[in-house]
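Remember, it's 1-based here, ligands and their atoms both numbered in the order they're listed.
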Amino acid sequence: MIQIKIINKSQHPLPNYETSQSAGMDLRANLTQPITLESLDRAIIPTGLFMELPQGYEAQIRPRSGLAAKKGITMLNSPGTIDADYRGEIGVIVINLSKEPFTIENGERIAQMVISKFEQIQWQPAEVLSETERGSGGFGSTGVK
Ligand SMILES: O=c1ccn([C@H]2C[C@H](O)[C@@H](COP(=O)(O)OP(=O)(O)OP(=O)(O)O)O2)c(=O)[nH]1
């Protein structure tokens, strides 16, 4: 169980998994009034959510594909990272990449949040790295079609 505090402008439900196999929970805009983004405008949209993630967990804030494909609305810093020690309000940095203005209403589902485990690593400085089949190949080295 993860501690969550919600400050609602209206009665939004807690984020939940829409289907039994969903990886992400949708996040809703928590607004006193709608926000209109002109083409290429961006804004930090408040969610009203404050969380206490356990140590070793992070939350990733990702765009919703429907909003991106149909409306050109995405996130500027995707995926946004919520650290386990963050106690502030979760914000979603939204940008309008369409040519038309887009209005975000209170309660609208604007992004999704995936909670996952991660590991912190320690560096071992080295002069030589191990050889692999890929080596230094990248950026299309195996072909692009
Ligand atoms: O999309 C996001 C990204 C971040 N955060 C919050 C939670 C996160 O733990 C904190 C810091 O995020 P990040 O490390 O990406 O910010 P920074 O630009 O490196 O700033 P800081 O110096 O505060 O770490 O801001 C959000 O609410 N939404």
Main-chain N/O of [Y] paired with [X] side-chain donor or acceptor, under 3.5 Å:
X	Y	result
Thr47	Ile90	yes
Glu105	Pro34	no
His12	Ala29	yes

Quiz question for you: does at least one protein heavy atom lie closer than 4.0 Å to [atom]?
atom	result
atom 1 (O) of ligand 1	yes
atom 19 (O) of ligand 1	no
atom 27 (O) of ligand 1	yes

Among all protein non-hydrogen atoms, which one is nearest to [atom], and what is the separation to 0.1 Å?
atom	value
atom 8 (C) of ligand 1	Thr81 O, 3.2 Å
atom 25 (O) of ligand 1	Tyr86 CE1, 4.0 Å
atom 5 (N) of ligand 1	Ile82 CD1, 3.7 Å
atom 9 (O) of ligand 1	Asp83 OD2, 2.6 Å

Set of residues satisfying salt bridge (Lys or Arg N to Asp or Glu O under 4.0 Å) with respect to Arg109, sequence neighbours excluded: Glu18, Asp26
Partner residues of Glu58 under the salt bridge (Lys or Arg N to Asp or Glu O under 4.0 Å) criterion, sequence neighbours left out: none
Heteroatom distance test (Gly91, ligand 1): nitrogen or oxygen, under 3.5 angstrom: yes
Within one Ile-Leu-Val-Met-Phe-Trp-Tyr cluster: Ile4 and Tyr57, side-chain cutoff 4.5 Å: yes
Numbered atoms of ligand 1 (with element) below 4.0 Å of Gly80, judged on heavy atoms: 1 (O)
For Ile90, atoms of ligand 1 separated by under 4.0 Å from a heavy atom: 27 (O)
Side chain to side chain contact (heavy atoms under 4.5 Å, CB included) between Met75 and Ile61, worked out: CA-CA 9 Å; Met75 287 174 50; Ile61 314 297; 3.8 Å; yes
